[in-house]
Structures are given as structure tokens and as C-alpha cells.
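Presented below is the structure to which this report refers.
If you read the sequence from its start, that first residue is 1, and numbering goes on from there.
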Amino acid sequence: MAKKLGIKRLAFESEGGYHIELHNLSAMPKAPMMVAAGKYVVTPMEGRIRYAGVVEFTSTEAAVQDGPVQFTKRQIATLFPDLTYDHMSDWMGRRPATSDSLPRIGPARAIDNGHMAFGHQHIGLTAGPKTGRLIAYMVSNQPRNADLSAFDPARYQAYS
């Protein structure tokens, strides 16, 4: 899609995100919680709790690493030292991430008044409304009070 909009190549990295689930617990939180000190989220689900928050840059072929899983287990034990459960499962999934962690926002250049906005990674829900407003200003040729050059979709390569 980016090629059709005038971008020859996009610089992406592979990001591996880990979570652990504890099944059939002795106690269940009533609501999700974000533990800022540990930088992870605890989400109660039906019959289990999910702990998520560890992310690493990794190749798409790399094996699941034990370090992030062990780190998460220690975080869980610190938060809920008396919690018991039947079993634990862990998971790692991959997602694309921009190589500099900045979204791509700006003109498509290959089509008249075309624009691109993607790559917000973990803050898409919070950054999306502001990005949408910026794109609306661009599409309608209204002035905006923002320098978006750092977010130029083609900033790391030549235009086609």
C-alpha cells in the first residue's frame, strides 16, 4: 500500500510482546489494573488473569526468550504473594514497530491530497484522535500549529 502512495520502503522492526496467564486462581481482581511501577497490566478474564507488559525488539525468527517470562513471574509474585492457581501459561506474539518508535504522519506524495497516518504502536488509541485531527487539517489545507517533519512517512528513504 505504501508503494502505491509513493514510499518505496518502510523501516519496521519486529516487536515481541509477552504475557502470562494464571488459571483458576484463589482470588480474582474485580477490575483491570495498570501497575505503573512495574509497567504492566493485570486483566481479569473468565477463569484466569492475564499479566502483560514486557516488550522487546527481536527478529521475526527469534525464539521466545525465557528472561521476559521469568521477569513477569517475579512481578506477579511481588504483586500477589499469596495467590495460588492451577497452572500458568505464557505467550509471545509479534507485531511490526517503526524503527524509531515514531508514527508516520504526512503526505503520500504519489497521489494528489493523499495522506498517511500509521505506526502508533502501543499508543494508537490515545494518539489516534490527535492524528485524525492533523490529517483533517492536511486534507482540507487548513493551517496547523505543528511541525510534523519528524513524522514524515518517507523520512528515511528516497521517494519513488
Taking all non-hydrogen atoms of both residues, which atom of [X] and which atom of [Y] are closest, and how far apart?
X	Y	value
Ser26	Leu83	OG-CD1, 3.6 Å
Ala97	Glu15	CB-OE2, 3.6 Å
Trp91	Gly17	CZ3-O, 3.7 Å
Val54	Pro68	CG1-CB, 3.4 Å
Leu25	Gly47	CD1-O, 4.4 Å
Ile111	Ala108	CG1-CB, 4.4 Å

Calculate, to the nearest 0.5 Å, the distance between atoms [atom1] and [atom2] belonging to [X] and [Y] respectively.
X	Y	atom1	atom2	value
Met116	Met138	CE	CE	12.0 Å
His19	Met92	NE2	CE	12.0 Å
Ile105	His120	CD1	NE2	4.0 Å
Phe80	Tyr85	CZ	OH	12.5 Å
His115	Asn113	NE2	CG	5.0 Å
Glu21	Arg48	CD	CZ	4.5 Å

Please check if the side chain of [X] supplies one atom and the backbone of [Y] the other of a donor-acceptor pair under 3.5 Å.
X	Y	result
Arg155	Asp152	yes
Arg94	Ser59	yes
Asp90	Ile20	no
Ser14	Thr58	yes

Glu56 and Tyr18: side-chain hydrogen bond (donor to acceptor under 3.5 Å, both in side chains), yes or no, with the steps? CA-CA 9 Å; Glu56 65 181 354; Tyr18 291 80; 2.7 Å; yes

Could you state whether [X] and [Y] fall into the same hydrophobic cluster, counting links through intermediate Ile, Leu, Val, Met, Phe, Trp or Tyr residues with side-chain heavy atoms under 4.5 angstrom apart?
X	Y	value
Tyr137	Phe118	no
Tyr51	Val64	yes
Val41	Ile76	no
Met88	Phe71	yes

Look at the rings of His23 and His87 and say which category their plane angle falls in: under 30° parallel, 30 to 60° tilted, over 60° perpendicular.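 Rings of His23 and His87: parallel, as their planes differ by under 30°.
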
In the structure I gave you, are the side-chain heavy atoms of Tyr40 and Leu79 within less than 4.5 Å of one another anywhere? yes

Answer yes or no: does atom CE of Met34 have more than 12 heavy-atom neighbours from other residues, nucleotides or ligands under 6.0 Å?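 No.
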
Within 6.0 Å of CG in Asp66, more than 12 heavy atoms from elsewhere: yes

